[in-house]
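This report refers to the structure that appears directly beneath it.
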Amino acid sequence: MIYDIKDIRLAKKGEKRIEWAAQDMKVLSKIRQRFSKEKPLKGINIAACLHVTTETANLMVTLKAGGANIALCASNPLSTQDDVAASLVHDFKISTFAIKGEDSRSYYKHIASCLSIKSRITMDDGADLVSTLHKEPLKFNIDYCIGGTEETTTGVIRLRAMEKEQRLRYPIIAVNDAQTKFMFDNRYGTGQSTIDGIIRSTNRLIAGSVFVICGYGWCGKGVAMRANGMGAKVIIAEVNPLRALEATMDGFRVMPLAEAAKIGDIFLTTTGDINVINKNAFLLMKNGAILANSGHFNVEIDIDSLKKISKKQRIIRDFVEEYTLKNNKRIYLLGDGRLINLAAAEGHPAQVMDMSFANQALCAEFIVKNAQQLENKVYSVPKDIDEKIAKLKLESMGIKIDSLTKQQQEYLASWQQGT
Ligand code: ADE
């Protein structure tokens, strides 16, 4: 644990913010009440590598209520909320290894500390914990692991690649692929929190700006929707023809990045791929262009090339670095190219993390009950868990819906439809 008694004031602030988020995590809270009684995770060691936020704190408390022993580390060097980490240690007695702005060495040291609890279950966001565990399986007792969960698109892609090469040593449930996760967290969560991060770091007016979004997956769609709603002129750069078509019919301009680069005011990457905005694009950009990333890793903007074509670099505001190019144009990089919604803002709001983390908690329970039947593969979240979370979320929002009559059910199940 890295937070000591001097951090009590920080912890108090974190404790109240954790409580604030809890008010909007009604599904998780319901699961916590049941876990407290039934203890489905009794004695289970969980190594969790997640963004250390108020929402994550509520998940950790839920798992602990279910009887788990937890060690938590950050899934990104810039996303930790230090007050939350301090409170988890002081108030909730949960081992937490994370500090905002940690360097790469500390980041991996903290992952190793987290793995030293001899985990039965891993809970990852981006697959750094799982890949570290697989690189040193003996040191971290991989044979002890019965299963894991993965929170995000990038992590699921990495894990599927491990499965394909038959390198995966235990089953993992792709929480990201639950409908109650990606349709809300990736879309509405990323949509709002990314704009929040851009605004908090720059205080720029979105209305009237040309907002270029690279990638029209669920995250890109969410940001496009919100930027459009705030009056931006949204341009989408996509490589996938279906998504490009979808963006067009959703009402956005679609064009190659090389064209968008000349007219954009704000550029955002949400692709999960490497060097999406590169030297060619930087050189075409207008003076004052702003660059941000909302993908998991800081690889989408080619920062090395940006440095090479620059003659000067300085921090001009928190989370804003000014690069003066050799052609005298200035380009502004936000949050070191790390996910801007967590670096400069607070990540997705609790209302959506409620569903993502309800999936995490119920999948941990599912693993404990079903590990013996699972192979070393990446699994989808069981449909009944996904549906149950949707129902609970609606209930928590006071929304009632209709249900099919017996006759309607039978009609849908029959091939003799029509008259
Ligand atoms: N990922 C995106 N937003 C998050 C949040 N608020 N907490 C944890 N993980 C997140």
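Bear in mind the structure is a predicted one, so any value in this text is a computation, not a measurement. Every number for a ligand or one of its atoms is a count from 1 in the order of the listing.
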### Message
Quick one: does any side-chain atom of T96 pair with a main-chain N or O of I94 as donor and acceptor, under 3.5 Å?
### Response
yes

### Message
So, using side-chain hydrogen bond (donor to acceptor under 3.5 Å, both in side chains) as the criterion, who are the partners of E15 when residues are at least two apart?
### Response
K12

### Message
Taking Y144's backbone N and O only, do any of them form a donor-acceptor pair with R120's side chain (distance below 3.5 Å, no angle check)?
### Response
yes

### Message
Determine whether a donor-acceptor pair (N or O, by modelled atom type, separation under 3.5 Å) exists between the side chain of D386 and the backbone of T180.
### Response
yes

### Query
Out of curiosity, K233 NZ to I263 CD1, how far, rounded to the nearest 0.5 Å?
9.0 Å

### Task
Please determine if E365 and R34 form a salt bridge, counting it only when a charged side-chain N lies under 4.0 Å from a carboxylate O.
yes

Check each N or O atom of ligand 1 against all protein N or O atoms and list the pairs under 3.5 Å, with atom names and distances to 0.1 Å, one per line.
{"residue": "ligand 1", "atom": "3 (N)", "partner": "H348", "partner atom": "N", "Å": "2.8"}
{"residue": "ligand 1", "atom": "6 (N)", "partner": "E55", "partner atom": "OE1", "Å": "2.9"}
{"residue": "ligand 1", "atom": "6 (N)", "partner": "H348", "partner atom": "N", "Å": "3.4"}
{"residue": "ligand 1", "atom": "6 (N)", "partner": "H348", "partner atom": "O", "Å": "3.0"}
{"residue": "ligand 1", "atom": "7 (N)", "partner": "T53", "partner atom": "OG1", "Å": "2.7"}

